[in-house]
There are 2 protein chains.
Amino acid sequence: MKQLVRGERARRVLEAIILEYISGGVPVGSRAIAKRHGLDVSPATIRNVMADLEELGLLYQPHTSAGRIPTELGLRVYIDSILKIKQLSNADRERIRRSYKGGVARVEGLLKETSKVLSSFSNQAGVVLTPRLSLTVFKRIEFVRLRANMVMTILVSQAGIVHNTIFEIDGDISQEELDKYSRYLNDMLQDLTLHQVKTRLLDEMKKEKVLFDRLLSKALELSQKALQENIEDSEIYIEGRTNLLDNPEFADVEQMRRIFNAFEEKSKIIDLLDKSMSAGGVNIFIGSESELLDMESVSFITSPYTSGDEILGTLGVIGPTRMDYSRIIPLVDYTAKLLSKMLKETL
Amino acid sequence: MKQLVRGERARRVLEAIILEYISGGVPVGSRAIAKRHGLDVSPATIRNVMADLEELGLLYQPHTSAGRIPTELGLRVYIDSILKIKQLSNADRERIRRSYKGGVARVEGLLKETSKVLSSFSNQAGVVLTPRLSLTVFKRIEFVRLRANMVMTILVSQAGIVHNTIFEIDGDISQEELDKYSRYLNDMLQDLTLHQVKTRLLDEMKKEKVLFDRLLSKALELSQKALQENIEDSEIYIEGRTNLLDNPEFADVEQMRRIFNAFEEKSKIIDLLDKSMSAGGVNIFIGSESELLDMESVSFITSPYTSGDEILGTLGVIGPTRMDYSRIIPLVDYTAKLLSKMLKETL
DNA sequence: CTTTAGCACTCCTTAGACTCGAGTGCTAAC
DNA sequence: GTTAGCACTCGAGTCTAAGGAGTGCTAAAG
C-alpha cells in the first residue's frame, strides 16, 4: 500500500488534506494546503500533486470547481502508512480513570459506564458489546421456585455475568429439592465454559438414561432448559448517539435516519463487533469496509476486551469517516486495556 | 372545561380541525373543514367559528394567511370532552397478543418486547419503565464467592426480577459460609417488600449488637451492602425512536436533536413515567404539560402496569402532539393490561 | 524535468425579484 | 345568523444575476 504514494511530498500533501478535512469537514483547496502546512511550494504545485493523488483514487472532487475530499482508500492509506499513533497522555489516562467513579458494583453497569466514557472522550458514539455467555466460564447455578410449575434459573459466570431464565415445568418441585439439584450441578460443572457445560450436560443425560437416577435426571433436565435460551446472544450498549448529530455531514435528515435505524436494529452492529472480537488489537473500519449497508460515511474503531485470559467482548467508537483517528485510536486502545484490567482485578 | 366550547357546532368544528390536523400535519383552512366534515355551512361561517375558537385559545395561526392549528389547550379540550375512546377491536387485540412470540423467558425480555409492541402498533416510540426494585416483594437472596474478598449478591423479587451487586469484603468467606447466610436470610425476609427488608435489616442489626451472634452479624452486613446499591433506580426501554423521524414536524434537525437528547439522558423521561405510575389508568401529557424542557411538540400517553396487586412500572407511547389519540390511547391501555396479566399468570 | 505565475473556466452559493396560491378578515347583502 | 364577494397577507417556489472558491491548462522560469 505504501508504494501507492511514492514521493515524500505526495504523502505530506495527502496528510495535510486529510488533517484539514478532518478538522473542517469541507472540501479542501490547494491554497489552504500551500499556506498552512509548511510545504514550501505554490498552490499550482499542490494542484499537480492533488491530480496525481486523485488518479490513484485517494482523493475525489464533489464537483469540478470544488476542493478535494479524501476517499475511503485515501483514509486507509493515511491510517496504515502515514499516521503515527501517539500514546495517550498521562493526563488523559488519569482523566479517563477518574471518570469511572466508584467501584464495580455490577458488570453490566461497568460496561455501560465504559460506553459513556468512550462517547464523552471521543465526542462520538461509544459502544460496548456484552460478553457472549457461551464463551464465559461457569461459576454457579441456582434454581428458584417462583410458584407451582414455574422455576427461575440463575447462571453466574466467572466474569461476574448473571443470566436468568424463567420456564415452566411439569409438576411442582419444592425449593429444597431445587437446592439439591443446584448443589449437585455446582460441583459437577466447575471450571467449564458454558459451551462445554452444554455438551457435558448432554453426555450426562445419555449416561443417566441407563442409570435411572431420579435426582440427577431432573437436575440435568432443568439446567438443560436454562441453557437453551439465548446464551449465544450478545447485547450492545450505545451511548452518545446524539453526538453524531453535531457532525455537519449528517445534517441531512435522510442520512441521519439511516444511521439511527442501524442503532435501533443493532443486529448488524453486533455482527460487526463480533467479527472484530477475535482479531486482537485495535480494528478500524472505514465507511463501506464495515459492510453495513448504507453506512458509507461512518467509521468504526474497535478493540476487544478481556478478563484474564478470556476474550469477553468488543468496545469501540462510531463516528463519521471524518473523525480524529489520531486521538480516538489510542483512546479506544487504552479504554479496552483499562476495562480488561478492572474486570480482572475486581472479579 | 366543557363550557369553554359552548355550541355544538363549535365543538364539531374543533374536532374536525383536530382530526384534519392529525392526519395531515399542516394548518387546516376553512374550506377543507366545510367540505369534508358534513357540516352544512359555508367556509365563511366556519371562519367565524374559528375566530371564536382562536379567541378561546384553542387554535392559533402560524401566520396571518395560514390555516389553523390546535393549541395544546385545544387538544386537551378535545381529549377530555370530545374524543370518545373506542375499545380496541378484537382483531387488533389478537394481533397484539400474537406479537408476543414465545413464552416469558425473562422479565427483562418481556418488558423489552412490550416496548417494541407499543412502538410498532403506534408507529411512534414505545417506552417501558422497569420496576423499581424497592417496591417489589422479596423472594430470594444468594451470595456467590467470586474470589477472595469479592462477593456477589443476587436478589430475586417475587415478580421475577433479578438484581446483582458485586462488592469487596474484609477477609475471605467460604462459599459454604455464604450459603448459610443466605439460607438464614431467606427464612427471615419472606414476603417483605425490599423497602421493608431494608428497615428490617437495620432493626436486626441493632438487636444483634447486643446478642453478638457472629453468623447473624455477617449475614446482615452483607445483605445490607447489597441493598445499598441502586434499588431505588429504574431503567427504561425505548424502542422505535426512528419512527419519530417520519413525522414532518421533526424534519428540522434542531428539533430532532432535542428529542434524541432527551432519549439519551433518560432521567427526565424516567421522572415523568415515575410520576404517572401512581395515577391509575391512562395518562396523557400534551406538549409542555410534561414539563420536559424543550419538548413542546411531543406528547406522552402512559399507563401503569402491575403484577397481581403490586404496581410495578409504567409503559407508554411517545409521539408528536399531533398523534392519533383515538387509536393510541386504547392501545396503551390494552397493552398495559395484557402485560399485567402475563406477569401475573407466569410468575 | 520541475515548478510556478497567469488566466480562462466551472459551478456552487447566496440574495433578490417575482409569481402563485392558499387562506384570511371584513363588508354588505340575504 | 349566514353567506358571497373581494382585497389583502404571506409563505413557497422559481428564476436570474452576482460573487467567489477552486480548478486545469499553458507557457515561462529555474
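Numbered from 1 within each chain, the chains take letters A, B, ... in sequence-line order. It should be emphasised that the depicted structure is a prediction, and the values quoted were computed from it without experimental measurement.
- The main-chain N or O of A/V317 is never found under 3.5 Å from a side-chain atom of A/S122 such that the two would form a donor-acceptor pair.
- The distance between atom CG of A/L39 and atom P of C/dT3, rounded to the nearest whole Å, is 12 Å.
- Atom-to-atom, CD of A/E55 to C1' of D/dG24 comes out at 13 Å; the value is rounded to the nearest Å.
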Please tabulate the protein-to-nucleotide N/O contacts below 3.5 Å involving nucleotides 4-6 of chain C, giving atom names and distances.
| unit_1 | atom_1 | unit_2 | atom_2 | d |
| --- | --- | --- | --- | --- |
| C/dT4 | OP2 | A/S42 | N | 3.1 |
| C/dT4 | OP2 | A/T45 | OG1 | 2.3 |
| C/dG6 | O6 | A/R47 | NH2 | 3.4 |

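- Remark: B/S42 engages B/T45 in a side chain to side chain donor-acceptor pair (under 3.5 Å) (not counting sequence neighbours).
- Residues in residues 315-327 of chain A take part in these salt bridge (Lys or Arg N to Asp or Glu O under 4.0 Å) pairs, two or more places apart or across chains: A/E249-A/R322, A/D324-A/R327.
- Atom CD1 in A/I17 sits roughly 13 Å away from atom C1' in D/dG22 (whole-Å rounding).
- Separating the CG atom of A/L59 from the C1' atom of D/dT23 is a distance of 14 Å, rounded to the nearest angstrom.
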Donor-acceptor contacts, no H, no angles, side chain residues 57-66 of chain B, under 3.5 Å, sequence neighbours left out:
| unit_1 | atom_1 | unit_2 | atom_2 | d |
| --- | --- | --- | --- | --- |
| B/Q61 | NE2 | B/T64 | O | 3.1 |
| B/Q61 | NE2 | B/A66 | O | 3.1 |

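- Taking every heavy atom of residues 28-35 of chain B and every atom of DNA chain C, pairs under 4.0 Å involve B/G29, B/S30, by number.
- Counting only Watson-Crick or G-U wobble pairs whose defining distances are both under 3.5 Å, the stems of 3 or more consecutive pairs in DNA chain D are C:1-30 with D:1-30.
- Screening residues 236-246 of chain B for salt bridge (Lys or Arg N to Asp or Glu O under 4.0 Å) gives A/R257-B/D246, A/E264-B/R241 as the qualifying pairs, with residues at least two apart or on separate chains.
- Among residue pairs with one or both ends in residues 25-38 of chain A, those qualifying as salt bridge (Lys or Arg N to Asp or Glu O under 4.0 Å) are A/E20-A/R36; sequence neighbours excluded.
- Not a single donor-acceptor pair under 3.5 Å links the side chain of B/E15 to the backbone N or O of B/R12.
- Counting to the nearest Å, the P atom of C/dT3 and the CG atom of A/D52 are 11 Å from each other.
- A/M50 has its CE atom 12 Å from the C1' atom of D/dA21, to the nearest Å.
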Might you list the N or O atoms of the protein lying below 3.5 Å from N or O atoms in nucleotides 27-30 of chain C, with each pair's distance?
none

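- For B/F260 and A/F260, the distance between ring centers is under 6.0 angstrom.
- Within the 4.5 Å cutoff, the side chain of A/F121 has heavy atoms near those of the A/I96 side chain.
- Here the C1' atom of nucleotide D/dA21 and the CD atom of A/Q61 are 12 Å apart, to the nearest Å.
- Taking 4.0 Å as the cut-off between side-chain N and carboxylate O, B/K268 and B/E291 do not count as a salt-bridged pair.
- In this structure, a donor-acceptor pair under 3.5 Å is absent between the side chains of A/S119 and A/Q124.
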Using a 4.0 Å heavy-atom cut-off to protein, can you give one letter per nucleotide of nucleotides 10-17 of chain C, 5' to 3': B if the base is in contact, S if only the sugar-phosphate is, - if neither? BBS-----
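- A/S303 and A/D333 share no side-chain donor-acceptor pair at under 3.5 Å.
- Every residue two or more places apart in sequence or in another chain was checked for a side chain to side chain donor-acceptor pair (under 3.5 Å) with B/N123, and none qualifies.
- Under the salt bridge (Lys or Arg N to Asp or Glu O under 4.0 Å) criterion, A/E265 pairs with no residue at all, not counting sequence neighbours.
- Checking A/Y237 against A/T114 by side-chain atom types alone, no donor-acceptor pair falls below 3.5 Å.
- How far OG of B/S276 is from CG of B/L315: 9.5 Å, rounded to the nearest 0.5 Å.
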